[in-house]
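First the structure, in the form of structure tokens, and then the observations on it.
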Amino acid sequence: QVQLVESGGGLVQTGGSLRLSCAVSARTSSSYAVGWFRQGPGKEREFVAAINWRGTSTEYTDSVKGRFTISKDNAKNTVYLQMNSLKPDDTALYYCAARVGYYYSNYPRNYNYWGQGTQVTVSS
């Protein structure tokens with residue numbers, strides 16, 4: 001069983017920055033990969049970024065490359081999403097998700113556990 005709690009969302013102006021955190025707690029010592037997804041108003045949930053268990057491999061959707069950075073602090077069991085140069089199109093509810101194993105996936109259906117989400121709103 002894995003529990004995830006997101007934090008760090010908020011309201012920011014275009015061009016601003018936010019750092020999202022995903023605190024991961026697991027009852028066992030299982031390895032897991034973590035992904036960030038987002039769902040904007042009237043849109044489907046979409047992949048944003050992901051990181052593997054060791055933190056040595058990452059992937060981003062094209063629209064956030066060069067602006068967002070995913071990182072992992074294994075000592076704190078926390079995954080971060082640093083978001084810079086934010087745009088109104090980034091407005092969404094952001095979720096972190098975990099899947100058991102070493103490797104991440106771009107597809108929500110491949111994740112076993114989800115957080116409750118944190119709202120990011122970028123004003124123009």
Side-chain angles (χ1 to χ4, degrees):
Q1 186 74 18
V2 178
Q3 293 183 320
L4 305 100
V5 179
E6 303 99 332
S7 61
L11 173 64
V12 65
Q13 293 185 333
T14 296
S17 297
L18 285 172
R19 188 177 79 159
L20 305 184
S21 298
C22 175
V24 184
S25 61
R27 292 187 180 180
T28 67
S29 59
S30 298
S31 58
Y32 53 87
V34 174
W36 283 97
F37 295 82
R38 66 186 180 186
Q39 189 164 13
K43 297 181 180 179
E44 293 186 354
R45 191 169 299 189
E46 65 171 351
F47 170 76
V48 177
I51 191 165
N52 68 343
W53 164 242
R54 290 192 170 92
T56 56
S57 178
T58 60
E59 187 168 335
Y60 301 89
T61 192
D62 286 346
S63 62
V64 308
K65 285 180 182 177
R67 300 189 298 123
F68 291 12
T69 303
I70 189 170
S71 61
K72 189 178 185 187
D73 186 335
N74 281 333
K76 296 183 178 179
N77 292 325
T78 301
V79 175
Y80 303 98
L81 185 67
Q82 178 67 44
M83 306 186 297
N84 299 327
S85 303
L86 283 162
K87 306 174 181 180
D89 283 350
D90 296 317
T91 295
L93 187 60
Y94 282 71
Y95 299 90
C96 66
R99 67 188 302 260
V100 176
Y102 287 87
Y103 306 109
Y104 52 74
S105 169
N106 294 9
Y107 299 99
R109 64 176 181 266
N110 291 334
Y111 286 80
N112 311 98
Y113 305 98
W114 291 82
Q116 81 288 352
T118 185
Q119 179 67 40
V120 171
T121 303
V122 184
S123 63
S124 58

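Position 1 is the first residue of the sequence, and the numbers go up from there.
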Please report the shortest heavy-atom distance between G101 and W53, naming the atom on each side.
O-CB, 4.1 Å
Within 45 degrees of the ring normal and closer than 6.0 Å to the centroid, is that where the cationic atom of R19 sits relative to Y80?
yes
What heavy-atom pair brings K76 and T78 nearest, and what distance separates the two atoms?
O-OG1, 2.9 Å
Before accepting this row, confirm whether a basic side-chain N of the pair D90/K87 lies closer than 4.0 Å to the acidic partner's carboxylate O.
no
When you check the side-chain N and O atoms of Y94 and R38, is any donor under 3.5 Å from an acceptor?
yes
Flag, side chain of T91 to backbone of V122, donor-acceptor distance under 3.5 Å
yes
Could you check if a side-chain atom of Y103 sits within less than 4.5 angstrom of a side-chain atom of S57, using non-hydrogen atoms only?
no
When hydrophobic residues are tied together by side-chain contacts of less than 4.5 Å, even through go-betweens, does L20 share a cluster with I70?
yes
With a 4.5 Å limit on heavy-atom distance, are the side chains of P88 and T14 in contact?
yes
Any idea which heavy atoms bring E6 and G117 closest together, and the distance?
OE1-N, 2.9 Å
CG/N74 to CZ/R54 distance, rounded to the nearest 0.5 angstrom?
10.0 Å
At their closest point, which heavy atom of A97 faces which heavy atom of L4, and how far apart are they?
C-CD2, 4.0 Å
Should we say atom CD of E44 is surrounded by more than 12 heavy atoms from elsewhere, each under 6.0 Å from it?
no
Below 4.5 Å, heavy atoms only, C-beta onward: do Y32 and V79 meet side chain to side chain?
no
Find out if a path of hydrophobic residues (ILVMFWY) with successive side-chain heavy-atom gaps under 4.5 Å connects Y104 to W36.
no
How close do P108 and N106 get, heavy atom to heavy atom, and via which atoms?
CD-O, 3.8 Å
How long is the gap from CD on Q119 to CD on Q39, to the nearest 0.5 Å?
10.5 Å
Do V34 and Y60 sit in the same hydrophobic cluster, where Ile, Leu, Val, Met, Phe, Trp and Tyr count as joined when their side-chain heavy atoms come under 4.5 Å apart?
yes
Transitive ILVMFWY side-chain link Y113 to F37, under 4.5 Å
no
Are any of the side-chain heavy atoms of N52 and Y102 separated by less than 4.5 Å?
no
Specify the closest pair of heavy atoms between Y111 and R99, including all atoms of both residues, with the distance to one decimal.
CD2-N, 3.7 Å
According to a 4.5 Å side-chain heavy-atom criterion applied to Ile, Leu, Val, Met, Phe, Trp and Tyr, with indirect links allowed, do F68 and L18 form part of one hydrophobic cluster?
yes
